[in-house]
Protein chains: 2
Amino acid sequence: MQGTEHAIDISELRQSCARCALLNLCLAAPIGAAELRRLDDIVKRRRPLARNEFLFREGSRHSSLYVIRSGAIKTSVLLPEGDCQVLGFHLPGEILGLDGVASERHQLSAEVLEESSVCEIPFDRLGEVAAQLPALQRQIYRIVSREFVREQEHPVMMGRKHAMTRLALFLHGFSERRSAHGLDPCSFELSMSRQDLANYLGLVIETVSRAFSRLQALGVIEVDRRHVIVRDRRALSDFARPDEPELRATA
Amino acid sequence: MQGTEHAIDISELRQSCARCALLNLCLAAPIGAAELRRLDDIVKRRRPLARNEFLFREGSRHSSLYVIRSGAIKTSVLLPEGDCQVLGFHLPGEILGLDGVASERHQLSAEVLEESSVCEIPFDRLGEVAAQLPALQRQIYRIVSREFVREQEHPVMMGRKHAMTRLALFLHGFSERRSAHGLDPCSFELSMSRQDLANYLGLVIETVSRAFSRLQALGVIEVDRRHVIVRDRRALSDFARPDEPELRATA
DNA sequence: GTCGCTCGTTGACCAAAATCAACTCGCGGC
DNA sequence: GCCGCGAGTTGATTTTGGTCAACGAGCGAC
């Protein structure tokens, strides 16, 4: 099995930005063919990362941005008490590594949840290229801004008072992100553990489990361990919206 | 009193980046005198903004970044239900407007909590200048990264399960930010309402009120309406740390 | 196969925060 | 001064989610 993985590895390494399915999501979007080649030259396509590997760790030296090509990656910060806070689950097309530009050291850790491949873009070289390509420069800002806005979804979710609302918001958002990538929005495998999800949602694992069961009992979703089928997309987004218990009691 | 305020206004408008007390916190930090002048040319120093004014509103056309020179500004997003989520309270030296670069429209609103002055930096012109000043370009990235990291504090705070912990974390952080600006870290006026604070902390107003009273009863702080005196800085950061109730019961 | 482990679920109980409601204080208008 | 309003506090009660504990399903090791 090691052999086949290696074969996939090599073929991915050969792929250029021009042939990348995520082109419109990543840095390369609005630049011409010639410029694309220059960007391509500095992009390192890394070997696929296995589950539980770290793309980078809190405190380590920062040098690159990373575009996720496939898989799923979890970011988190360590807390003084010893435990950690999960900050996000990142899917293909998203960028990691913006933390750490300020202090030259990563402020968070990025752990691989399922086999993933990423493009690594050395930050200083990106700067050099971008300095001569205004369109690329603008695109970088646009991407950064996009990630900035995306981060806000987390506190918005955590601001909701009910466990069901939080989980519904998460599932709804997850589903949306999948359809944005052309994936089935109604049937998917969650790559994170209940523990990670609970931590992300600001709840304990038991509460998350109960919320899943509740949504299933209401016929909104079907859950089998980490596999989720959304049966009633409309109902899910209804649960994701209000924090008033009355609507939660209905049905 | 309008007269004196106007006088201050004019004198501030005349200030250059070079004379700005916040120089080391803002974009201009690492660039030379000549370059500073070029940056200075594009910076618009806006008249002071009054309480309850909006620096920008969600959905409005984006065009500038803003550096807060004095005062306090609250950012928030509207939620489908009609209410809103407060995302941050921003103090001098911090940057606003990074939202909205991606979509060209602001994704959040910025409301003035107390009389504030800001420097406005038109984004396209900043790009032009930065294209020729690598040091400025790098500084922009550094600032963006800094704000990116700062944003993480919010979900970290919201991840704590106890109201006291959240409030203590907030007060502790607020105090820290004040000393970073050379202000008294132990005696200050909170410029936001209990409602805004509760929303930011993911709690209801009554719970925040009780947490304040509790911290006062324990001798950690003194509260008089919006004025806070930190009596025991050490105890405050102790409360900000653990989420285990045992330590909360002590004293 | 089965042992043992981790992950997840479920139930009983308890504690903390939300809710509901009354009340106080400070402030601006008149 | 007095009235009325909004902001904040406090108390009583309810509800939710956290805690503790038992249990079960899947999976890898052997």
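Reminder, nothing fancy here: chain letters follow the sequence lines and each chain counts from 1.
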**Q** Find which nucleotide of DNA chain D each of A:Asp224 and A:Gly202 is nearest to by heavy atoms, and output the residue with the more 5' nucleotide.
**A**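 Counting from the 5' end, the first nearest nucleotide belongs to A:Gly202.
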**Q** Looking at B:His162, does any N or O in its side chain come under 4.0 Å of the phosphate oxygens OP1/OP2 on C:dA17?
**A**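 Yes, because at least one side-chain N or O of B:His162 sits under 4.0 Å from OP1 or OP2 of C:dA17.
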**Q** Between atom CG in A:Asn52 and atom P in C:dT6, what is the gap in whole Å?
**A**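 Computing the A:Asn52:CG to C:dT6:P distance gives 14 Å.
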**Q** Tell me, for nucleotides 8-14 of chain C in 5' to 3' order, what letter each nucleotide earns: B for a base near a protein heavy atom under 4.0 Å, S for only sugar-phosphate near one, - for neither?
**A** SBBBB--
**Q** Please assess B:Arg233 against B:Leu236 for the test side-chain contact (heavy atoms from CB on, under 4.5 Å), listing each intermediate value before the final yes or no.
**A** CA-CA 5 Å; B:Arg233 222 160 141 61; B:Leu236 186 62; 5.6 Å; no
**Q** In whole Å, what is the span from the CD atom of B:Glu222 to the C1' atom of D:dT9?
**A**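 Distance, rounded to whole Å: 17 Å.
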**Q** Using ring-ring contact (aromatic ring centres under 6.0 Å, His included) as the criterion, list what pairs up with B:Tyr66, not counting sequence neighbours.
**A**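 For B:Tyr66, the residues satisfying ring-ring contact (aromatic ring centres under 6.0 Å, His included) (neighbours in sequence not counted) are B:Phe56.
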**Q** Roughly how many Å is it from CZ in A:Arg160 to P in D:dT16, rounded to a whole number?
**A**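 Roughly 16 Å, once rounded to whole Å.
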**Q** Does B:Arg194 make a cation-pi contact with B:Phe212 (under 6.0 Å, within 45 degrees of the axis)?
**A**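 Ring-cation test returns yes.
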**Q** Write down the distance between NZ (B:Lys161) and C1' (D:dT16), rounded to a whole number of angstrom.
**A**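 Nearest whole value for this atom pair: 14 Å.
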**Q** Report yes or no: is the cationic atom of A:Arg234 (NZ for Lys, CZ for Arg) under 6.0 Å from the centre of the six-membered ring of A:Phe239, at an angle within 45° of the ring normal?
**A**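 The answer is no, since A:Arg234 fails at least one limit relative to A:Phe239.
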**Q** Does a side chain donor of either B:His106 or B:Glu58 reach within less than 3.5 Å of an acceptor in the other side chain?
**A**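 Result is no, nothing qualifies.
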**Q** In whole angstrom, give the distance that lies between atom CZ of B:Arg51 and atom P of D:dG6.
**A**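 From B:Arg51 CZ to D:dG6 P: 14 Å.
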**Q** Without decimals, in angstroms, what is the distance between B:His227 NE2 and D:dT9 C1'?
**A**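 Roughly 19 Å, once rounded to whole Å.
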**Q** To the nearest angstrom, how far is A:Met164 atom CE from D:dT15 atom P?
**A**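 Rounded to the whole Å, the gap is 17 Å.
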**Q** So, using side chain to side chain donor-acceptor pair (under 3.5 Å) as the criterion, who are the partners of A:Gln107 when residues are at least two apart?
**A**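 Expected list: A:Ser103.
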**Q** Starting from C1' on D:dT16, measure out to CZ on A:Arg166 and report it in whole angstrom.
**A**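 Computing the A:Arg166:CZ to D:dT16:C1' distance gives 11 Å.
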